[in-house]
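The block underneath contains the structure these notes are about, expressed in structure tokens.
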Protein chains: 2
Amino acid sequence: MSIFSKLSFKDKTFKLREQAVLDATTTLLASKGFDLMTMDDVAGEVGISKPSLYKHFKSKEDLATEVMIQLLDDALTYLDGQEPTLTSRERLENLLEWALRKRLEGGLPFLPSGSPHVREILTKSLRYLTRAYKLHKQLGQIVDSAKEAGELRTDLPTDVILFSYYSRTCDPAVDYMQLYGHYSADAIVRHMLTITFEGIAGSARS
Amino acid sequence: MSIFSKLSFKDKTFKLREQAVLDATTTLLASKGFDLMTMDDVAGEVGISKPSLYKHFKSKEDLATEVMIQLLDDALTYLDGQEPTLTSRERLENLLEWALRKRLEGGLPFLPSGSPHVREILTKSLRYLTRAYKLHKQLGQIVDSAKEAGELRTDLPTDVILFSYYSRTCDPAVDYMQLYGHYSADAIVRHMLTITFEGIAGSARS
DNA sequence: ATTGCCTTTTACTAATCAGTAGCTTTTTTT
DNA sequence: AAAAAAAGCTACTGATTAGTAAAAGGCAAT
């Protein structure tokens, strides 16, 4: 019993700290990006030293990869927990809103878009790719049913819709609205949903 | 005469080389981004040495700023040269297409979106800000007339439309379409225009 | 050919940062 | 309480890169 509880306690604190590291990295990646974030930044933010950090993650690239994996897992969990009564379009809207709100709280790093360097790192991780593919496949099915239900354009290929959809989560327009337009989080989300689904011309011709 | 022609010739080669530097930097910024581009990269690409490079631009930040200024000037020139018979929406479409094609040829760096660091650099340059403001004002007028003509949604604020419009020029969806979807440049442009103006749902309800 | 001037380059400095070696402190075991 | 073990930290290394000082090279006028 003593060995078990001890090990389990140590394991617990270890895991807790690991999560703290991941959280701090998430925030730092979202604010500074991969290249400008230093391992000293991360260690300092968590309140540990750099060598301790390397007990958890063997490199900066590994750390960033784990953050992105966790993000994809969160997205998959969110998708999985959606009410089955929702229409396909509502599911897409809700997921995008979830991502945008996460981002507005400073918790959404978007590495794959940024630099080719980072994209290369991520495509080397099988664990990342597995999740990205799973999410892509699930969303593809949702887009297809939305098309069948007449909720999405059928003249756009499904992958084009998906690429565009992903891009809205890291759209710089969000920063501009926040920084120069002083819009509230709610207004930003509302406008982003309109723009994504209806475009800037949209129903103007009606 | 001899002194004049000499000076003018030297001036000419100097300017020519400066343009070569700007062109190389444009390509490098578009492909690697600011942080990963080194001054040795630029010098090597042009075929000169680093100290010669510093005869033209006093720092890396200065060089990147000049590239962005030139880009804005090009956009302003393009806007200025548009046929006056075009509708406002056509003008917006044409400019976006111009930017997208430029990007697909590898010649469109999009610094201001990337890192906050770079945004800070640019906002310190009065010459950059002047041009950005001028372009923003002109496009704002075009958007407003498009709204009046019923060519754009009136339920979106003009600045939100503009922020979104700018963001389409650096939309990662373009990379994804090119990299994973193997779409042609023409198809990418067509889809981006549809998505920008009509959204992914767009006329699906008709 | 030689002197003087201007340009270009080689070879450096200083700073930053990922990753680590080895010492110190705390905790655990007996 | 003492010995052993584990965890964490200070202080380093090596590599990269922005920016520069001083040598090398070219070109004009005489």
Side-chain angles (χ1 to χ4, degrees), chain A residues 1-21 24-25 28-29 31-67 111 115-118 120-121 124, chain B residues 1-21 24-25 28-29 31-67 111 115-118 120-121 124:
Chain A
M1 176 66 187
S2 77
I3 285 177
F4 263 13
S5 68
K6 224 181 308 175
L7 281 181
S8 134
F9 174 74
K10 273 205 316 198
D11 247 27
K12 220 171 179 174
T13 56
F14 190 84
K15 282 285 174 202
L16 272 175
R17 189 142 78 174
E18 187 153 303
Q19 191 53 53
V21 170
T25 307
L28 282 168
L29 281 178
S31 64
K32 310 181 77 169
F34 181 79
D35 296 324
L36 267 64
M37 181 192 79
T38 72
M39 292 302 260
D40 290 286
D41 284 340
V42 178
E45 186 69 26
V46 179
I48 59 175
S49 67
K50 207 159 45 157
S52 299
L53 185 54
Y54 277 88
K55 291 272 184 233
H56 293 268
F57 303 96
K58 72 175 199 296
S59 69
K60 186 182 178 183
E61 304 189 347
D62 183 45
L63 174 55
T65 305
E66 289 304 321
V67 166
L111 302 186
S115 73
H117 172 220
V118 180
E120 199 188 344
I121 294 169
K124 274 178 186 159
Chain B
M1 177 67 188
S2 77
I3 284 177
F4 263 10
S5 69
K6 223 184 307 174
L7 280 183
S8 132
F9 175 74
K10 276 207 309 199
D11 246 27
K12 219 169 180 176
T13 57
F14 191 84
K15 283 284 173 202
L16 271 175
R17 190 141 81 173
E18 188 152 301
Q19 191 53 51
V21 170
T25 307
L28 282 167
L29 281 178
S31 63
K32 310 180 78 168
F34 181 79
D35 295 324
L36 266 65
M37 180 191 80
T38 72
M39 291 303 260
D40 290 286
D41 284 340
V42 178
E45 186 69 28
V46 179
I48 59 175
S49 68
K50 207 161 42 158
S52 299
L53 186 53
Y54 277 88
K55 291 274 183 230
H56 293 270
F57 303 97
K58 73 175 198 298
S59 70
K60 185 182 177 184
E61 305 189 347
D62 183 45
L63 174 55
T65 305
E66 288 304 322
V67 165
L111 302 185
S115 74
H117 171 221
V118 179
E120 199 189 342
I121 293 169
K124 275 178 186 160

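The chains referred to below are lettered A, B, ... by the order of the sequence lines, with proteins before strands, and numbering in each begins at 1. Values reported hereafter were calculated over all heavy atoms of this structure, with side chains retained and with hydrogens, waters and symmetry mates removed.
Partners of B:Ser31 under the side-chain hydrogen bond (donor to acceptor under 3.5 Å, both in side chains) rule, at least two apart in sequence or in another chain, do not exist in this structure. Listed by chain and number, the residues in a side-chain hydrogen bond (donor to acceptor under 3.5 Å, both in side chains) with B:Ser52 are B:Ser49 (sequence neighbours excluded). With sequence neighbours excluded, no residue forms a salt bridge (Lys or Arg N to Asp or Glu O under 4.0 Å) with A:Glu61.
Between B:Met39 and B:Leu63 the shortest side-chain heavy-atom distance falls below 4.5 Å.
Residue B:Ser52 has a polar side-chain atom (N or O) positioned under 4.0 Å from OP1 or OP2 of C:dT9. For C:dT8, the OP1/OP2 oxygens have a side-chain nitrogen or oxygen of B:Arg17 closer than 4.0 Å.
Between the NE2 atom of B:His117 and the P atom of D:dA18 there is a distance of 12 Å, given to the nearest Å. Between the CD1 atom of B:Ile121 and the P atom of D:dA18 there is a distance of 12 Å, given to the nearest Å.
The list of ring pair (Phe, Tyr, Trp, His ring centres under 6.0 Å) pairs with a residue in residues 34-60 of chain A, not counting sequence neighbours, reads A:Phe14-A:His56, A:Phe34-A:His117. Legend: salt bridge (Lys or Arg N to Asp or Glu O under 4.0 Å) pairs involving residues 37-58 of chain A, not counting sequence neighbours, sorted by first then second residue: A:Lys32-A:Asp41, A:Asp40-A:Lys50.
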Quiz item: Can you give one letter per nucleotide of nucleotides 15-21 of chain C, going 5' to 3': B for a protein heavy atom under 4.0 Å from the base, S for sugar-phosphate only, - for none?
Solution: --SBBBB
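Nucleic acid contact for A:Lys55: none, since no nucleic acid atom lies under 4.0 Å from a heavy atom of the residue.
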